[in-house]
Novice: 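Please read through the structure below; I'll follow up with questions.
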Amino acid sequence: MIGAEFIINTISLGSLYALVSLGLVFVYGILKLVNFAYGEYVMVAGYALYVLTAFTPVPWYLTMTLAVGFAALISYVTELVAFRPVRTKSLTAMLVTSFAVSVFLQNAALLLVSPRARAVRLPSWFNRTITVFDATVPLRNILIIVTAAVLLVGLTLLMKYTVLGIAMRAAADKFTTTRLMGVPANLVISAAFIISGTLAGVVSIFWVGRSAAVDPVIGMAPLLIAFIATVIGGMHSLTGAVVGGFVYGLLFNTLSIMLPASVISYRDAIMFVIVIVFLLFRPEGIVRGSYTEERVG
Amino acid sequence: MLKVIDLHASYGAITALRGVSLEVRQGELVALLGVNGAGKSTALKSISGVLRPIQGSIRLLDEEIANKKPEVILRKGISLVPEGREIFTGLTVEENLRLGAYTSYERTRYQNDLEEVFTLFPILKERFRQAGGLLSGGEQQQLAIARALMSHPKLLMLDEPSLGLSPTLVDQIFELIHSLRERGITILLVEQNAERALEIVDRVYLLKTGSLEFSGTPEELKSKLDIATVYFGGASDAEREVSL
Ligand SMILES: Nc1ncnc2c1ncn2[C@@H]1O[C@H](COP(=O)(O)OP(=O)(O)OP(=O)(O)O)[C@@H](O)[C@H]1O
Ligand SMILES: [Mg+2]
């Protein structure tokens with residue numbers, strides 16, 4: 001029953017979800033804020049793909065780079081104009097702000113483009129099926145595994161061996177003390193938003209690449225997945241986010257093949273039951289991280 | 001070097017400092033004493049920019065630094081070893097020290113500074129690659145001080161460095177503070193352990209519920225206490241506070 005196809009598709013889905021949840025946790029770790037606008041960074045990258053592929057002759061690699069860059073930029077801009085002014089206020093103020101940013105960006109897409117979905121044409125090889133280890137899978141499923149591996153290694157090196165990475169880990173643990181070392185608060189927070197937006201952009205390529213379309217509310221699903229995956233894996237470390245992404249992918253695919261056709265539509269409900277079980281019995285998630293709950297002052 | 005004038009600070013509705021003025025001169029070791037809740041940590045937090053004072057002036061070398069951000073004040077030359085050490089527990093000793101050198105980093109200078117730290121705190125060399133959270137209380141205190149020194153501060157502020165340490169370690173910490181002072185580092189020291197602090201400091205400020213109750217030399221403080229004892233046949237307020 002468990003063939004090569006299942007394994008590859010599960011690792012592939014897990015890789016995508018790992019990147020999705022990592023993007024959410026980067027900001028959460030430092031600001032202790034669940035950024036509800038995170039899904040919208042995926043959305044804006046999707047529209048960048050749409051505009052660039054539909055209206056410009058830009059080659060695919062540049063299209064993808066620009067889309068990722070655009071998501072990173074929008075993420076940074078939201079930090080600058082929306083989150084920074086309320087940072088020292090209550091956590092509630094921050095949450096409300098992130099709702100507002102989310103709604104604002106959705107409505108911007110609605111007004112500037114259309115409430116209806118727009119087709120996004122990525123190069124045809126992106127969705128071509130190939131055969132590896134007797135398994136027939138879309139090429140993008142292999143590409144996401146490679147991309148995730150490269151990004152995870154890269155981010156690990158950044159967090160471990162650069163002073164910015166060390167400062168970000170320190171800030172996630174003790175924000176004020178990190179500032180007492182001379183590390184500017186704005187630097188680590190901006191860096192977190194830029195990394196978060198970059199990950200959302202990369203996720204968008206594969207998300208939109210799969211559905212071949214983008215609409216104003218496309219960000220809701222990635223946000224929800226990131227949220228569930230981090231509850232399962234643990235919100236208090238980057239490792240937890242990655243573990244949660246892979247576990248979520250495994251659970252999802254397992255349920256998909258195990259459940260009889262008559263109950264498959266309850267798959268999402270079952271996922272939520274699992275989340276509730278985690279919240280009740282292991283609220284810190286699979287990986288107990290070292291991040292504290294100290295808020296940015 | 002540091003001049004604080006009429007400092008007021010509060011936590012919301014709770015007023016913690018009501019008009020405190022104090023001064024630390026170049027090369028001095030000054031103690032700020034007082035019972036629990038007197039406002040000692042609040043004073044250090046205000047000076048280092050962690051807490052915004054509501055009124056008053058804080059001058060470092062004649063430059064106004066009140067209301068500046070902590071990261072800016074660190075760059076200006078004030079380094080705080082916070083109450084409770086505040087080691088980054090998930091980071092290694094090496095990484096903790098590297099962050100301490102965030103503003104002063106330059107490869108060869110950093111290597112030299114590390115060597116100097118290792119002579120002052122040999123244990124940190126042994127534990128260099130271990131997580132800060134695995135260190136004992138005394139080792140963490142040494143790391144916190146070493147980390148603060150990495151930025152080459154003009155003024156080092158220590159908030160209860162002897163708290164929670166065994167008597168031998170307390171001796172070591174006070175010896176260390178004394179030797180730092182001998183090296184010419186200007187220090188503002190907050191302590192509960194008044195008796196030990198009075199042995200090594202040049203001058204003393206005594207805080208009581210957010211206001212200064214006394215300022216002078218350790219001898220003056222002691223004689224004031226002696227007189228109070230002679231005349232009233234018991235411990236004065238000041239003495240009770242100091243012996244606490
Ligand atoms: N974060 C805070 N929120 C509200 N009130 C606070 C806070 N920190 C301190 N206070 C109050 O401010 C006053 C001064 O506190 P502070 O910490 O400066 O005292 P301290 O002299 O350092 O005492 P200790 O010796 O216990 O460290 C106290 O009344 C205390 O209850
Ligand atoms: Mg204190």
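Proteins come first, then strands; the chains are lettered A, B, ... in the order of their sequence lines, and each starts at number 1.
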Novice: Can you say whether B:I78 sits under 4.5 Å from chain A via the side chain, the backbone, both, or neither, judging by heavy atoms?
Specialist: neither
Novice: Carefully, step by step, assess A:L180 and B:V50 under the rule side chain to side chain contact (heavy atoms under 4.5 Å, CB included).
Specialist: CA-CA 8 Å; A:L180 283 172; B:V50 172; 3.8 Å; yes
Novice: Does CZ belonging to B:F121 count more than 12 external heavy atoms closer than 6.0 Å?
Specialist: yes
Novice: Does atom CZ of B:F128 have more than 12 heavy-atom neighbours from other groups under 6.0 Å away?
Specialist: yes
Novice: Tell me whether the count of non-hydrogen atoms from other residues, nucleotides or ligands lying under 6.0 Å of OH in B:Y11 goes above 12.
Specialist: yes
Novice: Looking only at non-hydrogen atoms, find the nearest pair between A:A170 and B:L99 and report the distance.
Specialist: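 Closest approach of A:A170 to B:L99: CB-CD1, 3.3 Å.
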Novice: Of the non-hydrogen atoms in A:M181 and B:L74, which two are nearest, and what is the gap between them?
Specialist: O-CD1, 3.6 Å
Novice: Hey, are the side chains of A:T178 and B:F88 touching, using non-hydrogen atoms and a 4.5 Å cut-off?
Specialist: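 Yes, side chains in contact.
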Novice: Looking at B:T92, B:I87, B:N96, which one has more heavy-atom pairs under 4.5 Å with chain A than the rest?
Specialist: B:I87
Novice: I'd like to know whether A:T176 forms a side chain to side chain contact (heavy atoms under 4.5 Å, CB included) with B:K45, so could you lay out the CA-CA distance, the side-chain angles of the two residues, the decisive distance to 0.1 Å, and finally the verdict.
Specialist: CA-CA 11 Å; A:T176 304; B:K45 281 192 223 164; over 6 Å; no
Novice: Would you confirm whether B:E86, through its side chain, and A:K174, through its main-chain N or O, come within 3.5 Å as a donor-acceptor pair?
Specialist: no
Novice: Start with the C-alpha gap between A:V163 and B:R98, add the side-chain angles, then the distance that decides, and say whether side chain to side chain contact (heavy atoms under 4.5 Å, CB included) holds.
Specialist: CA-CA 8 Å; A:V163 71; B:R98 178 64 187 83; 3.7 Å; yes
Novice: Given heavy-atom pairs under 4.5 angstrom as the criterion, report whether the side chain, backbone, both or neither of A:L164 touches chain B.
Specialist: neither
Novice: Given that the side chain runs from C-beta out, which part of B:S151 has a heavy atom under 4.5 Å from chain A: side chain, backbone, both or neither?
Specialist: neither
Novice: Before giving the answer on salt bridge (charged side-chain N to carboxylate O under 4.0 Å, His left out), spell out for B:E95 and A:R169 the whole-Å C-alpha distance, their side-chain angles and the decisive distance to 0.1 Å.
Specialist: CA-CA 10 Å; B:E95 291 167 336; A:R169 277 154 59 214; 2.8 Å; yes
Novice: Mind listing the closest non-hydrogen atom pair of A:I166 and B:L91 along with its distance?
Specialist: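 Smallest heavy-atom distance, with atoms named: CG2-CD2, 3.6 Å.
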Novice: Any heavy-atom pair between the side chains of B:K69 and A:N186 that's under 4.5 Å?
Specialist: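 A:N186 vs B:K69: side chains touch.
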